[in-house]
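Got a structure for you, questions after.
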Amino acid sequence: MQLEVMPMPKQRVLEAEQREEAMEMSGLDLWKHEKPPRICPLPPPLPPAAVACDEATLVPPLNFAMVDDGIFRSGFPDTSNFRFLKTLNLRSIVYLCPEPYPETNMEFLEKNGIRLHQFGIEGRKEPFVNIPDDKIREALKVVLDPRNQPLLIHCKRGKHRTGCVVGCLRKLQKWCLSSVFDEYHRFAAAKARITDQRFMELFDVSSLKHLTPSHC
């Protein structure tokens, strides 16, 4: 049996359409008069926290490292490094620059009973580098003397002059040349000099063998 759907009278259709329009308009008007949501501005970003360096902070000098028992290396220490240096119980400092040692550093050495051994080597750039063989030898004699240890070897940046002294010490310790150069490059990095490496390669350690330290 088929059901026949009777069409809705036109009047009722018209009324339904009018009701829909009225509802749509009512909703639109409400939206127009509705207050927009209040947006709270985000707080400004906080500045990065400053690293607090109080009196208890231990700050090693630039390029600081242990070379061997009782022997250390670094760049030029400043006042911020003094507290760290005290923990090393240093007896000596081997200073490889020709400039006078700063007064504040001298006061620190005197206060802590540290002896200064200065071997003034000019810090020139290639091709004007001149590494004095005699001063490197004299510096090594101080480094190898157990009475001067613990000690710190340093120049300005702890790269070239310090690197040459440590490199020659490594030859005395019978390191192979490639290992000597690897260590030198680790500190000198992009500033590595062919002149320094040639000096270390040709440096004759035979006159220092009688000073062979117990830790070699």
| field | Cationic tip of Arg193 above Tyr184 ring, under 6.0 Å, 45° of axis | value |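 Geometry flag: not set, cation outside 6.0 Å or 45°.
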
| query | Honestly curious: do Leu152 and Leu62 fall in one hydrophobic cluster under the side-chain, below-4.5 Å linking rule? | reply |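 As far as the 4.5 Å side-chain criterion goes, Leu62 and Leu152 are not connected within one cluster.
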
| Would the His117 and Tyr95 ring centres measure less than 6.0 Å apart? | no

| query | Counting heavy atoms not belonging to Arg157, are there more than 12 under 6.0 Å from its CZ? | reply |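 No.
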
| message | Quick check: is Val67 connected to Phe203 through a chain of hydrophobic side chains (ILVMFWY, heavy atoms under 4.5 Å apart)? | response |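 Yes.
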
| Pro150 and Leu88, any side-chain heavy atoms less than 4.5 Å apart | no

| Considering all heavy atoms of both residues, which atom of Leu109 and which atom of Tyr101 are nearest to each other, and what is their separation? | CD1-CE2, 3.7 Å

| said: Check the orientation of Phe76 and His154. Use parallel for under 30°, tilted for 30 to 60°, and perpendicular for over 60°. | reply: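 Ring orientation, 0 to 90° scale: perpendicular.
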
| message | Could you go through Phe187 and Thr162, starting from their C-alpha distance and side-chain angles, then the distance that decides it, and tell me whether this counts as side chain to side chain contact (heavy atoms under 4.5 Å, CB included)? | response | CA-CA 10 Å; Phe187 291 92; Thr162 299; over 6 Å; no

| task | Measure the shortest side-chain to side-chain distance between Leu96 and Lys135 over non-hydrogen atoms and say whether it is less than 4.5 angstrom. | result |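 Counting from C-beta outward, Leu96 and Lys135 never come under 4.5 Å.
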
| Nearest-0.5 Å distance that lies between atom OG1 in Thr195 and atom CD in Gln197 | 9.0 Å

| query | Is there a donor-acceptor pair closer than 3.5 Å between any side-chain N or O of Gln118 and the backbone N or O of Glu99? | reply | yes

| To the nearest 0.5 Å, how far apart are OG in Ser92 and CG in Asp145? |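 Going from the OG atom of Ser92 to the CG atom of Asp145 covers 8.5 Å.
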
| Between CG on residue Leu85 and CZ on residue Phe64, distance to nearest 0.5 Å |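 If I round to the nearest 0.5 Å, the distance is 7.5 Å.
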
| Where Pro61 and Phe84 come nearest, the two heavy atoms and their spacing | CD-CD2, 3.9 Å

| request: Quick one: pull up CZ in Phe108 and CG in Asn105 and give me the separation to the nearest 0.5 Å. | output: 8.5 Å

| Check against side chain to side chain contact (heavy atoms under 4.5 Å, CB included), Leu140 and Leu172 | CA-CA 10 Å; Leu140 282 172; Leu172 192 60; over 6 Å; no

| request: Look at the side chain of Arg91 and the backbone N and O of Asn148, then say whether any donor-acceptor pair between them is shorter than 3.5 Å. | output: no

| field | Heavy-atom closest pair, residues Glu122 and Pro98 | value |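 Closest approach of Glu122 to Pro98: OE2-CG, 3.8 Å.
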
| field | Heavy-atom donor-acceptor pair, Asn81 side chain to Pro60 backbone, under 3.5 Å | value |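 Yes, the answer is positive, given that a donor and an acceptor are paired below the 3.5 Å cut-off.
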
| field | Any side-chain heavy-atom pair of Ile71 and Leu151 under 4.5 Å | value |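 Touching, per the 4.5 Å side-chain cut-off.
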
| Got a sec: does the NZ of Lys156 have more than 12 other heavy atoms crowding it under 6.0 Å? |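 Atom NZ in Lys156 is not packed in, count stays at 12 or less.
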
| task | Indicate, with yes or no, if Leu208 and Ile121 share a hydrophobic cluster defined by side-chain heavy-atom contacts under 4.5 Å among Ile, Leu, Val, Met, Phe, Trp and Tyr. | result | yes

| Residue pair Asp69 / Met66, side-chain heavy-atom distance below 4.5 Å |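 Yes; the side chains approach each other to less than 4.5 Å.
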
| query | Just wondering, do Phe199 and Ile136 contact through their side chains at under 4.5 Å, heavy atoms? | reply |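 Ile136 reaches Phe199 side chain to side chain.
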
| query | Just wondering, do Val94 and Val165 contact through their side chains at under 4.5 Å, heavy atoms? | reply | no

| field | Salt bridge present between Lys141 and Glu138 (N-O < 4.0 angstrom) | value | yes

| Are Phe181 and Leu169 linked, directly or through other ILVMFWY residues, by side chains that come within less than 4.5 angstrom of each other? |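 Each belongs to a different hydrophobic cluster.
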
| field | Spacing of Ile153 atom CD1 and Arg161 atom CZ [to the nearest 0.5 Å] | value |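 Nearest 0.5 Å value for the CD1-CZ distance: 14.0 Å.
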
| Minimum heavy-atom distance Lys159-Arg73, with the two atoms named |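 Scanning both residues completely, I find the closest heavy atoms to be O-NH2, 4.1 Å.
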
| request: Drop me the distance from Gln173's CD to Leu144's CG, to the nearest 0.5 angstrom. | output: 8.5 Å

| Side-chain touch Arg83/Leu58, heavy atoms, less than 4.5 angstrom | yes

| said: Tell me the closest heavy-atom pair linking Cys164 and Ile131, and the distance in Å. | reply: SG-CD1, 3.8 Å

| Heavy-atom closest contact (Met200 atom, Val180 atom, distance) | SD-CG1, 4.0 Å

